[in-house]
Amino acid sequence: MSNEALNQARVIPLRPHSARPGTARPVSERPATTPPRPGPPRETAPGEAREPLWRDLVGDVLRRERLAQERTLKDVSDAARISMPYLSEVERGRKEASSEVLAAAAHALGLGLGDLLSLAQGELTRHSARGRRTAPGSSYDGMCLAA
């Protein structure tokens with residue numbers, strides 16, 4: 001193949017040859033567009049527990065701590081200087097909050113950022129242990145310590 005042939009661009013028409021320039025196709029002939037999906041859902045095998053997202057775990061811990069202190073969302077959001085709708089989204093696991101936001105929310109609840117993350121890590125560990133116990137073919141259900 002010649003070098004000149006490699007450098008030529010391939011032209012793909014946007015309209016069929018039958019359509020005249022400047023005329024739009026009727027709505028019924030236009031291709032349907034669908035909004036892009038964030039990605040395929042992760043399929044799990046039967047009996048396999050789906051791992052939770054980190055933002056869900058952190059949000060659960062924040063909400064549980066707030067409710068344990070019998071505080072309102074408004075009270076905590078004001079103390080943390082975070083908007084109430086945003087804090088609500090974080091608690092529900094719909095927003096991936098920055099470390100600054102998580103630290104502010106934790107401090108408003110009387111926790112350090114390390115405390116919040118440690119509690120969320122404990123939730124993840126418990127969830128993982130539950131998933132392993134229910135896995136088919138699992139023969140060992142104990143703890144192993146290595147020195």
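Given the structure is predicted, the values throughout are model-derived calculations rather than measurements. FYI, the numbering just counts along the sequence from 1.
For the residue pair V76 and A108, the shortest heavy atom distance occurs at O-CB, 3.8 Å. Of all heavy-atom pairs between G93 and R55, the closest is O-NE, 2.7 Å. Here the closest non-hydrogen pair linking S88 and R63 is O-NH2, 4.4 Å. Shown here for L87 and A105, the closest heavy-atom pair between the two residues is CD1-CB, 4.2 Å. A120 and W54 make their closest contact through CB-CH2, 3.6 Å (heavy atoms, listed as atom of the first residue, atom of the second, distance). Between A106 and L62, the shortest heavy-atom distance links the atoms N-CD2, 4.4 Å.
When the shell of 6.0 Å around CZ of R71 is examined, it contains more than 12 heavy atoms from other residues, nucleotides or ligands.
Atoms CD and CG, on E123 and D56 in that order, are 11.5 Å from each other to the nearest 0.5 Å. Between D75 atom CG and E70 atom CD the span is 12.0 Å, to the nearest 0.5 Å. For the atom pair CG (L117) and CG (L57), the distance works out to 11.0 Å, reported to the nearest 0.5 Å.
Note on R64 versus D60: no salt bridge recorded, every NZ/NE/NH1/NH2 to OD/OE distance being 4.0 Å or above. With respect to R66 and E91, a salt bridge is recorded, a charged nitrogen being found less than 4.0 Å from a carboxylate O.
Between the side chain of D115 and the backbone N or O of G112 there is at least one donor-acceptor pair closer than 3.5 Å. Although no hydrogens or angles enter the test, the distance criterion places no donor-acceptor pair under 3.5 Å between the side chain of E65 and the main chain of L109. The main-chain N or O of L73 is found under 3.5 Å from a side-chain atom of S77 such that the two form a donor-acceptor pair.
Using a 4.5 Å cut-off between side-chain heavy atoms of Ile, Leu, Val, Met, Phe, Trp and Tyr, with links allowed through other members, V58 and L67 fall into different hydrophobic clusters.
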